[in-house]
Protein chains: 2
Amino acid sequence: MEKTQVGIGKAAMILKLLGDKTRLTMVKILETDECCVCEFVEIFNMSQPSISQHLRKLRDVGIIQEERRGQWIFYSLNQQNEHYPFVEQILAALPNQDEKIKALEKNGARITCC
Amino acid sequence: MEKTQVGIGKAAMILKLLGDKTRLTMVKILETDECCVCEFVEIFNMSQPSISQHLRKLRDVGIIQEERRGQWIFYSLNQQNEHYPFVEQILAALPNQDEKIKALEKNGARITCC
DNA sequence: TTAGTATATAACTATATGCTTATATATTCA
DNA sequence: TGAATATATAAGCATATAGTTATATACTAA
């Protein structure tokens, strides 16, 4: 079986990005659920620009991708990314963040468009 | 098979530490070879205090351990650490750094004590 | 004990980071 | 078209980070 191989420099860049609790949690959530910015604002109880800036960093290196649907922009894990297997392997070691999505649904803040 | 489980906060802390090219390379080297501070100074062509400070951060969270042998303090990967499997899984995806040790041996800078 | 070598720590500096507020852009819908 | 909503970007600020130089500590060997 071939192992994922990632250059040291690129790996360090990815790990630095994931080395922030907010971003790491975002990516773990996106592993199973698409989310839009306003949902993350709700989940993290953080300002909208702050959320947008975290998402941009993750998108800039290709870890996540965006897709506009009507008014909202939905983010998801970019499985086509060259380093997706590396990221996925890390996420696999982390506890599920389902309760965060469940909490959104519970208080009616979950966006289900299209 | 049980998967490694690491809390999100602790994982973020570990990833942040590994998210620096110097530290990530150090840890990858320590995966296979013990090294002392002066060897890292040689390998990274960086000041001794800078190397010491990186090693201290890694040691403070238990990723690596130190052992004095005579004049030198040798560092190694701490396989007893609670989160060693998580770290090891990340290292497995990285290219071998053997040439760095080989280069040390070649120019006679490799320390082999005791 | 003294000189030399290895390592750690302290103090400082420049840059990076994460957040905030203010504002711009894009879409929807009345 | 204009108001409301969602998102992005710009600018500013406080703190964190990674490096430096200077100095302290620890061990070795003469």
Side-chain angles (χ1 to χ4, degrees), chain A residues 8-9 12-27 29-30 34-61 63-76 104 108-114, chain B residues 8-9 12-27 29-30 34-61 63-76 104 108-114:
Chain A
I8 282 263
M13 173 183 282
I14 292 170
L15 295 174
K16 177 181 280 182
L17 272 175
L18 298 182
D20 173 278
K21 193 180 176 185
T22 302
R23 283 193 298 265
L24 187 61
T25 307
M26 281 175 161
V27 173
I29 289 172
L30 294 179
E34 296 192 330
C35 277
C36 62
V37 179
C38 60
E39 290 174 311
F40 281 128
V41 169
E42 187 77 16
I43 289 171
F44 293 105
N45 195 30
M46 204 176 272
S47 76
Q48 175 266 314
S50 182
I51 296 294
S52 271
Q53 285 157 13
H54 281 304
L55 289 169
R56 187 146 96 93
K57 287 180 186 184
L58 291 168
R59 199 206 48 199
D60 282 353
V61 299
I63 293 176
I64 64 174
Q65 59 195 350
E66 59 178 45
E67 183 195 333
R68 181 177 278 277
R69 288 196 218 130
Q71 203 167 6
W72 299 280
I73 295 178
F74 282 80
Y75 284 88
S76 58
L104 275 190
R110 182 71 169 148
I111 307 288
T112 43
C113 120
C114 315
Chain B
I8 281 263
M13 173 182 281
I14 292 170
L15 295 174
K16 177 180 280 182
L17 272 176
L18 298 182
D20 172 278
K21 192 180 177 185
T22 302
R23 283 193 297 264
L24 186 61
T25 307
M26 280 176 162
V27 173
I29 290 172
L30 295 179
E34 296 192 329
C35 278
C36 63
V37 179
C38 60
E39 290 174 312
F40 281 129
V41 170
E42 187 77 15
I43 289 171
F44 293 106
N45 194 30
M46 204 176 271
S47 76
Q48 175 266 314
S50 181
I51 296 295
S52 271
Q53 284 157 13
H54 281 305
L55 290 169
R56 187 148 95 92
K57 287 181 186 183
L58 292 168
R59 198 207 48 198
D60 282 352
V61 299
I63 293 176
I64 64 174
Q65 59 195 350
E66 59 178 45
E67 182 194 332
R68 180 176 279 276
R69 287 193 220 134
Q71 203 167 7
W72 299 280
I73 295 177
F74 283 80
Y75 284 88
S76 58
L104 276 190
R110 182 71 169 148
I111 308 287
T112 42
C113 120
C114 316

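Note on naming: letters A, B, ... go to the chains in the order of the sequence lines (proteins, then strands), and numbering restarts at 1 for each one.
One interatomic measurement links the two molecules: CZ of B:Arg56 to P of D:dA24, which rounds to 18 Å at whole-angstrom precision. D:dA8 atom P lies 6 Å from atom CD of A:Glu66, rounded to whole Å.
Of the side-chain N and O atoms in A:His54, one or more sit less than 4.0 angstrom from OP1 or OP2 of C:dC19. Of the side-chain N and O atoms in A:Lys21, none sit less than 4.0 angstrom from OP1 or OP2 of C:dG18.
Residue A:Tyr75 is classed as a sugar-phosphate contact, given heavy-atom separations below 4.0 Å to backbone atoms only. Residue contacts for A:Arg59: at a heavy-atom cut-off of 4.0 Å it reaches no nucleic acid atom on any strand shown.
Both A:Lys16 and A:Val37 lie close to DNA chain D; mapped to their nearest nucleotides by heavy-atom distance, the more 5′-ward contact belongs to A:Val37. Nearer the 5' end of DNA chain C, as judged by each residue's closest nucleotide, is the contact made by B:Gln53, out of A:Met46 and B:Gln53.
Candidate nucleotides C:dC19, D:dT7, C:dG18 were compared by shortest atom distance to the side chain of A:Trp72, and D:dT7 ranks first.
Between A:Glu66 and A:Arg56, none of the side-chain N atoms (NZ, or NE/NH1/NH2) sits under 4.0 Å from a carboxylate O, so this pair counts as no salt bridge.
In this model, no side-chain donor or acceptor of B:Gln48 finds a partner on the base of C:dA6 within 3.5 Å.
For B:Arg110, the side chain to side chain donor-acceptor pair (under 3.5 Å) partners at least two apart in sequence or on another chain are B:Glu39.
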